[in-house]
Amino acid sequence: MPKAQQLLHKSDELFSLAKQNIENEMVGTVRITLPHIADHTEILQKLLHALADYPNIVIDWRVDAMRLNTVNQQIDMGLRVGREPEPTWIVRHIADLREEIVASPLLIERLGEPTDWQDFIKRYPIPVKINRETGRAWGWHLNEQQSFIPNQPAFVSLDGYSELAAALSGRCCAFLLNSICGQAIKDGRLNVLFPHLPRQTWKMYLYSPYNPITPKRVLVVFDLLTQILWGCRGEST
C-alpha cells in the first residue's frame, strides 16, 4: 500500500510538471503581419477568442500594405497575396484570387459599354494605385500578353479599398482583387467588364519563416489562424 501511494504521488508530480512545461511554452509574443483586408478586425477577434485559455500569449497584430522584413521585424507569421511564396517558408494555402475590371452601372450608362480593349483604355477614367515600397504606380497586369500603366490617372490612392470607393462613386473604373470587390459585384453595385479576358491567378497564403525550433505558442497560433482564415474565406465566397 505505501508503495502504491508512492507511485501515485510520483505520477501526480509528473503530470504537474508536464502541465507546467506546457504553460511555460504558451508565454510570449507572436508577431503577425497582414495586408489591409475587409474583415481583418473580425479575424483578429476570432483569434483572440480562440486564445482565451492562453492569456500570457501576446498577439502583435500589424496591418500594413508594405511587406515587412521577417527577420528584421521578427515576424512569426503573415498573410500575403502573391504568385508564389518563398521556398523556405512554411505555407498554408488560403484561397485563389483574381483581379476584375469593374465599373459602376452609372459610369457605364454615362460612357456606354466599351466596344473593345482599346476603346476602354481611350474612353474610361482609370485609377492608379501607388506601390508604397517604390513610390511608383502599380501596373495593370492582366496576363502575359496584356499589361499597361495608366499615364493619366483619374484617381490616385495607396490601397484597393480606396479604389473600390472611387469605383462605387462612378468616378472611375477599377482593377481589383475579387476579395475586395466581390460583394459589390454580387449586390449589383459594380459590373464586371471583359469577364472572359484571360486573367492571372494570385494566391492568398499564410506563411511562417522556417526555424529549426519553433516555439509551441507560434505553432498553436499558426494552426488557429489557418482555421479562422479558411472559415472566413469560405463565408465570403
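Since the model is a prediction, treat every value here as computed from it, not as a measurement. Throughout, numbering of the chain's residues begins at 1 and tracks the sequence.
Crowding of Q200 atom CD: a count of heavy atoms from other residues, nucleotides or ligands under 6.0 Å exceeding 12. In Q146, the CD atom is crowded: over 12 heavy atoms of neighbouring residues, nucleotides or ligands sit closer than 6.0 Å.
With hydrogens and angles ignored, the 3.5 Å screen pairs a side-chain donor or acceptor of R217 with a backbone N or O of T29. Of the possible donor and acceptor atoms, none in the side chain of R80 sits under 3.5 Å from a partner among the backbone N and O of Y207. Remark: side-chain polar atoms of W230 are paired, donor with acceptor, to backbone N or O of H93 under 3.5 angstrom. One N or O on the side chain of Y161 and one on the backbone of A38 form a donor-acceptor pair closer than 3.5 Å. The main-chain N or O of R31 is found under 3.5 Å from a side-chain atom of D76 such that the two form a donor-acceptor pair.
Considering all non-hydrogen atoms of both residues, N143 and P198 come closest at ND2-O, 2.8 Å. The two atoms that bring F222 and M77 nearest to each other are N-CE, 3.7 Å, heavy atoms only. G160 and K129 make their closest contact through N-CD, 3.8 Å (heavy atoms, listed as atom of the first residue, atom of the second, distance). The two atoms that bring R171 and P125 nearest to each other are O-CG, 3.5 Å, heavy atoms only. Smallest separation of non-hydrogen atoms from P55 and A52: CD-O, 4.0 Å. Nearest approach of P114 to L193, heavy atoms of both residues: CD-CD2, 4.3 Å.
The CD1 atom of I43 sits 12.0 Å away from the CG atom of L48 when rounded to the nearest 0.5 Å. Going from atom CE of M204 over to atom CG of L206 covers 10.5 Å, rounded to the nearest 0.5 Å. If you take CD1 on I228 and CG on L47, they are separated by 5.0 Å, rounding to the nearest 0.5 Å. Here CZ of R62 is found 12.0 Å from CG of L34. Values are rounded to the nearest 0.5 Å. K122 contributes atom NZ, which lies 10.5 Å from atom CG of D116 (distance to the nearest 0.5 angstrom). Note that CZ of R123 is 10.5 Å distant from CZ of R110, once rounded to the nearest 0.5 Å.
The side-chain heavy atoms of L224 and Y54, taken from C-beta on, include no pair separated by under 4.5 Å. No side-chain heavy atom of I57 sits less than 4.5 Å from a side-chain heavy atom of V220. In this structure, I101 and L142 have side chains that are in contact, with non-hydrogen atoms separated by less than 4.5 Å.
Partners of E99 under the salt bridge (charged side-chain N to carboxylate O under 4.0 Å, His left out) rule, at least two apart in sequence or in another chain, do not exist in this structure.
Linking Ile, Leu, Val, Met, Phe, Trp and Tyr residues whenever their side-chain heavy atoms come within less than 4.5 Å places I126 and I108 in a single cluster. By the rule that hydrophobic residues join a cluster once side-chain heavy atoms approach within less than 4.5 Å of another member, I180 and I185 end up as members of one cluster. L190 and L197 are not part of a single hydrophobic cluster, where members link through side-chain heavy atoms under 4.5 Å apart. Linking Ile, Leu, Val, Met, Phe, Trp and Tyr residues whenever their side-chain heavy atoms come within less than 4.5 Å places F175 and L107 in a single cluster. Under a hydrophobic clustering in which Ile, Leu, Val, Met, Phe, Trp and Tyr are joined whenever their side-chain heavy atoms come within less than 4.5 Å, directly or via other members, I32 and V63 fall into the same cluster.
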Check your understanding: Do V218 and N211 pass the side chain to side chain contact (heavy atoms under 4.5 Å, CB included) test, and can you show the C-alpha distance, the side-chain angles, and the key distance before you say yes or no?
Key -> CA-CA 11 Å; V218 174; N211 291 309; over 6 Å; no
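A cation-pi arrangement is not found for R98 relative to W202, the charged atom failing to lie both closer than 6.0 Å to the ring centre and inside a 45° cone about the ring normal.
Between H36 and H40, the two ring planes are perpendicular [angle over 60°; tilted spans 30° to 60°]. Ring pair W117/W140 is tilted by interplanar angle, where 30° to 60° counts as tilted.
For D159 and R132, the salt-bridge test fails: no basic side-chain N is under 4.0 Å from an acidic carboxylate O.
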